[in-house]
Amino acid sequence: MPASVAVPAHDALRCETFTITELADEFALTTRAIRFYEDQGLLAPQRRGTRRLYTPRERVRLKLILRGKRLGMSLAEIAEILDLYAAGKSERSQLEKLLETLSRRRAIIEQQREDIDVVLAEIAALEKDCRKRLKRGAGGA
DNA sequence: GTTCTCACA
DNA sequence: TGTGAGAA
């Protein structure tokens, strides 16, 4: 159980780190997915031997990755913002990059809504036609 | 349990 | 954007 919920005294003394399974459990991810994010350059955990050790900072990055995914951002887009964050860039540059990404995302979503509206209109028209023809042939053979 | 790599959708 | 399988 990660320290975000409760911090036992012994964990307060040790520099807290997380294993890949702890993070996977906490965020309902597979360990494979977490390693995949690392392959894509979104995470860079320390190692104890060959085992990955995640600091609270890496955990925060993972949270940000998940937030980006909820917004429909690509991993590449998420990586860009994360890089600014890690490089200690100004919050301003991060926010500007985020706005840029959100803008692109909004355009895509709005286009999809338009496309959906077009299909809904087609469906409505077809339904109307079907009902009309049913009524016309109501008593006939 | 965790690592990596290759294949696959 | 991930998953499955196999080997270490």
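Numbered from 1 within each chain, the chains take letters A, B, ... in sequence-line order. Computation of the quantities below employed the complete heavy-atom set of this structure, encompassing side-chain atoms and omitting hydrogens, waters and symmetry-equivalent molecules.
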Check whether any side-chain heavy atom of A/L66 lies under 4.5 Å from a side-chain heavy atom of A/L29, and answer yes or no.
yes

Under 4.0 Å between a side-chain N or O of A/R51 and OP1 or OP2 of B/dT3?
no

Tell me: CG of A/L53 to C1' of B/dT2, nearest whole Å?
12 Å

Atom CG of A/D25 and atom P of B/dG1 are separated, to the nearest Å, by 10 Å

Which nucleotide sits closest to the side chain of A/R47: C/dT1, C/dT3, B/dT3?
B/dT3

Measure from CG on A/D39 to P on B/dC4 and round the result to the nearest Å.
8 Å

By the 4.0 Å heavy-atom rule, please label A/R35 as base, sugar-phosphate, or nothing.
base

So what does A/R48 hit on the nucleic acid, given a heavy-atom distance under 4.0 Å: a base, only sugar-phosphate, or nothing?
nothing

Length of the CD1-C1' vector between A/I78 and C/dT1, whole Å
11 Å

In whole angstroms, the gap separating C1' of C/dT1 from CG of A/L75 amounts to 6 Å

Whole-Å gap separating C1' (B/dG1) and CZ (A/R52):
13 Å

Between P on C/dT1 and CD on A/E38, what's the gap in Å once rounded to a whole number?
17 Å

Could you work out which one of B/dC4, B/dT2, C/dT1 sits closest to the side chain of A/S74?
C/dT1

Which part of the nucleic acid, if any, lies within contact of A/T30, taking any heavy atom under 4.0 Å across all strands shown: a base, the sugar-phosphate backbone alone, or nothing?
sugar-phosphate

Presence of salt bridge, A/D129 and A/R133, under 4.0 angstrom
yes

Using the rule that Ile, Leu, Val, Met, Phe, Trp and Tyr join whenever any side-chain heavy atoms are under 4.5 Å apart, tell me whether A/I109 and A/L98 fall into a single cluster.
no

Using a cut-off of strictly less than 4.0 Å, decide whether A/R32 has a side-chain nitrogen or oxygen near OP1 or OP2 of B/dT5.
no

A/E77/A/R104 salt bridge by N-O under 4.0 Å criterion:
yes

Salt-bridge criterion met for A/E26 and A/R59 (N-O under 4.0 Å)
yes

Write down the distance between CZ (A/F36) and P (B/dA7), rounded to a whole number of angstrom.
17 Å

Any side-chain N or O of A/T31 under 4.0 Å from OP1/OP2 of B/dT2?
no

Does C/dT1 have OP1 or OP2 sitting under 4.0 Å from an N or O in the side chain of A/Y37?
no

